[in-house]
Every structure is written in C-alpha cells, then in structure tokens.
Engineer: 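My structure is below; once you've seen it, I'll send some questions.
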Amino acid sequence: MENGIKHLIEVASATHLKEFLQDYARKNDGLRRELEAFLVAKYVNINKKSIDDYCRQMQRAFQFTEDIGNRWHSFEIPDWDRITIKADSILKEGFKLLEVGNANVAASIAAEFFVALQATYDEDFNNYDYEGDIACAIGNSCEEAEKLLLKAIQHPEINKGILHTLTRKLNDISESSLPYDLGNYDIFDFDGMLLQVSKIAMSDEDRLSMLDSQIEQHAGKYDQHVYVERKAELLSQLHREDDAQAVLRKYINLPPIRTLIINDLINKKDYRAAVQLVNDGIDLARELNHYGTVRSWKEKELEIYEHAGDIPRQIDICSTLFVNEGGSLEYYHKLKALVPTNEWKEFLSQLLGKVSIKDSFMFGHSVIADIYVEENDADKLFELIKSHGIKDLDCLNRYAAHTGSRYAKQLLEVYSQLLKREAQMNVNVKSYSRIAEALACMRKLHGGKQAAHQLADFFRKEYHRRPKMMESISKF
C-alpha cells in the first residue's frame with residue numbers, strides 16, 4: 001500500500017497535490033496546523049536572517065583554529081576540517097534559500113565564502129597537509145560555492161545592485177594572490193569561475209578591462225597565457241578579429257601564445273612564416289637559457305616540415321634531436337622511415353658517431369644498445385656491452401641474449417664472476433632474487449642451461465647455510 005501511494009504521488013501533478021492539500025486542510029484542523037508549522041519552519045523562518053547576518057555567520061566559520069607544534073613551540077593555524085564543515089552547512093542553507101526565491105542572500109553567501117577564504121587562506125598550509133586532505137576539502141567547498149553563486153546570479157529575482165556589489169568583491173579577490181595559489185596547487189580555478197560570472201554580470205568592456213588586469217597581475221607567471229587567450233577569444237566573439245590577433249601578437253613571446261599563432265599559420269599552410277616564428281622562439285629561448293624550450297621548438301619545426309612534406313628538413317631536424325638527446329628510439333624510428341633503405345646503414349653509422357656513448361648506460365639500459373638490438377647487429381652490441389656495461393648485471397640480463405652464440409662463452413664467464421661476487425658481498429633476500437633472475441637470463445644463452453646449473457651447484461655447496469638463498473635458486 002505504501003509503495004502504491006509513493007508511486008501515485010510521484011506521477012501526480014504539483015497543482016493537483018496543492019489543491020488536495022488546501023481543500024483537506026480547510027476541513028481538518030490537525031492537518032492544517034501541522035502543515036502550517038512545517039511550511040513556516042522550512043520556507044519562512046529561513047528568510048528571517050539578513051544578508052549581513054549570513055555574511056557574519058560565514059566569517060565566523062573561518063575563525064576556527066587549532067594548535068600545532070609542541071609544548072616548547074606551538075602556534076595556531078586555521079582548523080580547515082571544522083572550517084569547511086561549517087562553511088558547507090551555510091552553503092547548503094544558501095541552496096535552500098535559493099529554492100524559495102531568495103537569490104540575493106544565496107549569492108551573497110557564496111561570494112562571502114570566497115571573501116572569507118581569501119582572508120584566511122595561506123599557501124603554507126601545504127607544509128602540514130601531508131595527505132592532501134585539506135586541499136581536497138577546500139576544493140570541494142569552493143566547487144559548492146561556485147555552483148550556488150552561478151545558480152543564484154542567474155535567478156530572475158537577483159537584484160542588480162547586489163550583483164554589482166558581489167562582482168566587485170570577486171574582482172578584488174582576483175587581484176590578490178588567492179586565485180594563483182589555488183590554481184598552482186590544483187585546488188580550484190577561481191578566475192575560471194569569475195569568467196563565468198563576468199559573462200552574466202558584466203558588460204563586454206568591463207570583461208575586457210578585467211582580463212587586462214589579470215594579464216598584468218599574472219605577468220611572469222606560468223599561467224599568464226591563459227588570460228591572454230581568454231581576452232583574444234572574447235574579442236573574437238565580439239567580431240573584433242583584428243584586435244584579437246593584435247593581442248596575441250603583443251604576447252607572442254609567451255610560448256603557448258606563439259604556438260597558437262604557429263598552429264594558425266600551419267592550418268593556413270603558410271609554412272615559411274610558421275618556421276620563422278619557430279626560429280625566433282628558438283633564439284629567444286637560447287638567450288634565456290631555456291634549453292627545454294629550444295627542444296620543444298625544434299619538435300614544432302619538425303611538425304611543420306611534416307605538414308609541408310619536406311623530407312630532407314625532417315631528416316636534418318630528427319638527426320639534431322637524436323644527437324642532442326644522446327640517442328632516441330623515437331627519432332631513430334622516424335629516421336629509419338625517412339632515409340632510403342640503401343643509404344640507411346651508412347647514415348646510421350655516421351649518426352651514432354656523433355653521439356657520446358661514454359655514459360649511454362643507465363640502470364642497465366642504453367638507447368644505443370636498443371638500436372643495435374633492433375638492427376640485429378650482435379657484433380656492435382657485444383662491443384658496446386664489453387666496453388661500457390660488462391660489470392653491470394642489469395645490462396647483461398637485458399642484452400646478453402641478443403648477442404648470439406658467438407659471444408655466449410665470454411658472457412657466461414662474466415655472469416659467473418659477477419654472481420659469485422654478488423653472493424659473497426650481499427646476504428639478503430633482495431640479492432638472492434637478483435641472483436635467481438640472472439641465472440634465468442644465463443639459461444637463454446648458448447650453453448647457458450648447463451652453466452647456470454653448475455653455478456647454482458656451487459652456491460648450494462658454498463652457501464648451504466643460507467636457506468632463503470637455497471630456496472631462490474632451487475629450480476636451477
């Protein structure tokens with residue numbers, strides 16, 4: 001029966017339910033009193049507080065503190081757990097107010113949340129937010145305040161004077177360090193929210209002026225280009241394309257902006273102009289000693305010549321990037337696809353001759369060795385291992401099996417020496433695991449099964465008092 005009533009209420013229209021309640025309340029004093037008390041508590045009492053009352057309530061929510069440190073050196077910091085719990089409860093009240101049409105108070109609560117946050121927030125909290133819980137809680141509260149604010153300012157009952165006041169408050173916050181700090185720690189995009197507010201509450205000229213202030217405020221910071229892009233996008237939406245392009249050109253020394261302009265030139269197939277902008281970017285990056293940016297611009301130049309179909313320039317740039325990186329499988333593969341097959345062996349030999357192989361091995365890995373593996377060049381691979389990685393067990397495990405049968409005997413002797421030394425110098429489970437792994441790799445070499453078995457027998461006799469080691473090598 002209960003489920004039947006629930007279903008009927010769900011499908012009934014709100015108008016019919018209201019008519020029924022009004023008619024039934026007139027005939028039943030008990031229902032009328034209970035219904036009146038319920039509606040007054042839910043929809044009348046909640047509106048008794050003024051905007052100032054709720055703003056003061058939000059400000060008090062941000063006054064919770066806690067002591068940290070020790071008895072010799074303790075100090076107070078904001079208690080963000082209690083702050084966010086209390087602030088969230090006030091924001092929930094704001095959503096209830098919005099349900100009954102009180103958009104002015106709801107919007108003011110949301111805006112006051114950010115005012116109080118700006119007055120309380122200190123990025124040093126990250127020094128004791130070891131698990132990231134505080135940042136997560138603040139971010140969640142910011143998102144709830146954003147939802148309330150955007151819903152409230154789009155409500156038909158919002159007062160224009162209130163809207164102007166709130167927008168001014170948010171603009172003031174935008175000029176503080178809070179938006180940058182929140183964005184830098186990936187907590188909340190305050191200026192992204194302000195952009196949404198500005199679309200609703202500001203004139204086009206006021207929005208442009210706001211973006212000018214944000215561009216200036218973020219000068220020298222990693223995200224300045226975001227505000228330049230937003231201004232250019234707004235100008236384009238206003239059909240002021242020349243002004244939009246002028247803004248981008250003004251800030252062309254910001255790499256993301258230069259990239260935007262280059263991409264536009266690529267789309268227009270103006271490859272010569274695109275390459276010129278890349279070269280200008282390379283010159284500027286070198287002046288600033290930003291060598292990572294130089295590499296990025298060379299990659300962009302390669303992309304341009306790929307679009308243009310200029311194979312000689314692609315080969316030239318890939319070769320430069322390959323050498324600069326001390327070897328790269330990515331550019332090796334690109335070059336192998338570009339260089340004619342009958343010229344490849346000689347080309348690769350000359351290319352590798354430009355790379356310093358002295359420090360090519362790191363943690364048992366070498367790009368040059370990987371290339372010799374792909375080229376099936378066992379002789380050069382063995383020489384490389386012999387000259388640079390012969391004392392590296394990880395190197396042998398990775399590459400020895402690719403040298404063929406010709407060098408198996410020499411490599412098995414090296415394995416035996418290294419593993420005997422490993423067993424002698426290290427008495428721990430981690431070392432035993434390394435020995436077992438190496439014995440498994442030995443078995444892959446020509447004659448390796450017998451050699452691994454003989455070496456395991458030696459260990460069983462020499463170190464029979466090491467049960468963990470005996471367990472590790474039991475299968476050999």
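Side chains included, hydrogens not; waters and symmetry mates left out as well; all remaining heavy atoms used.
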Engineer: Show the numbers, then the answer: is there a side chain to side chain donor-acceptor pair (under 3.5 Å) between Tyr121 and Asp181?
Structural biologist: CA-CA 9 Å; Tyr121 181 87; Asp181 291 338; 5.5 Å; no
Engineer: Does CG belonging to Asp186 count more than 12 external heavy atoms closer than 6.0 Å?
Structural biologist: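 Check fails, neighbour count at 12 or below.
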Engineer: Show me the side-chain donor-acceptor pairs of residues 433-442 shorter than 3.5 Å, one per line, residues at least two apart or across chains.
Structural biologist:
unit_1 : atom_1 : unit_2 : atom_2 : d
Arg434 : NE     : Glu422 : OE2    : 3.4
Arg434 : NH1    : Asp394 : OD1    : 3.4

Engineer: For Tyr415, what residues pass the ring-ring contact (aromatic ring centres under 6.0 Å, His included) criterion, not counting sequence neighbours?
Structural biologist: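 Not a single residue meets the ring-ring contact (aromatic ring centres under 6.0 Å, His included) criterion with Tyr415.
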Engineer: Counting N and O atoms only, with roles assigned by atom type, does the side chain of Thr120 sit under 3.5 Å from a partner on the main chain of Ala116, one being a donor and the other an acceptor?
Structural biologist: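 Yes; judged by distance alone, with no hydrogens or angles, the pair exists.
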Engineer: Identify whether the distance between the nearest side-chain nitrogen and carboxylate oxygen of Glu112 and Arg56 falls below 4.0 Å.
Structural biologist: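 The answer is no: the pair does not qualify as a salt bridge.
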Engineer: Salt bridge check: are Asp264 and Lys268 linked by an N-O gap of less than 4.0 Å?
Structural biologist: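 Salt bridge flag = yes for Lys268 with Asp264.
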Engineer: Please report whether the ring centroid of Phe113 lies less than 6.0 Å from that of Phe62.
Structural biologist: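 Centroid distance Phe62-Phe113: below 6.0 Å, so yes.
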Engineer: Quick one: is the NZ or CZ of Lys169 closer than 6.0 Å to the six-membered ring centre of Phe114, and within 45° of its axis?
Structural biologist: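 Not flagged: Lys169 not positioned over aromatic ring of Phe114.
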Engineer: Check whether His218 reaches the backbone of Ile215 with its side chain - one donor and one acceptor, N or O, closer than 3.5 Å.
Structural biologist: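 Checked: no pair found.
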Engineer: When the ring centroid of Tyr180 is compared with that of Tyr222, is the distance short of 6.0 Å?
Structural biologist: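 Yes, they do, as the ring centres are separated by less than 6.0 Å.
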Engineer: Can Lys151 and Glu99 be counted as an ion pair, charged N to O under 4.0 angstrom?
Structural biologist: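 Glu99 and Lys151: not salt-bridged.
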Engineer: Excluding sequence neighbours, so at least two apart, what forms ring-ring contact (aromatic ring centres under 6.0 Å, His included) with Phe95?
Structural biologist: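 Listed in chain order: nothing, the list is empty.
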Engineer: Return yes when atom CD of Gln154 has more than 12 non-hydrogen atoms of other residues, nucleotides or ligands closer than 6.0 Å, and no otherwise.
Structural biologist: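 Yes, enclosed.
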Engineer: Salt bridge between Asp379 and Arg406, side-chain N to carboxylate O under 4.0 Å?
Structural biologist: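 A salt bridge is present here (some side-chain N lies under 4.0 Å from a carboxylate O).
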Engineer: Can you list the residues that meet the side-chain contact (heavy atoms from CB on, under 4.5 Å) rule with Ala152, with sequence neighbours excluded?
Structural biologist: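 For Ala152, the residues satisfying side-chain contact (heavy atoms from CB on, under 4.5 Å) (neighbours in sequence not counted) are Leu98, Ala106, Ala107.
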Engineer: Counting N and O atoms only, with roles assigned by atom type, does the side chain of His453 sit under 3.5 Å from a partner on the main chain of Lys449, one being a donor and the other an acceptor?
Structural biologist: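 Pair absent, no side-chain N/O of His453 close to backbone of Lys449.
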Engineer: Holding to side-chain hydrogen bond (donor to acceptor under 3.5 Å, both in side chains), I want the full list of residues that pass it with Asp212, two or more places apart in sequence or in another chain.
Structural biologist: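 Lys231.
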Engineer: Please name all residues satisfying side-chain hydrogen bond (donor to acceptor under 3.5 Å, both in side chains) with Gln454, sequence neighbours left out, ordered by chain then number.
Structural biologist: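 Expected list: none.
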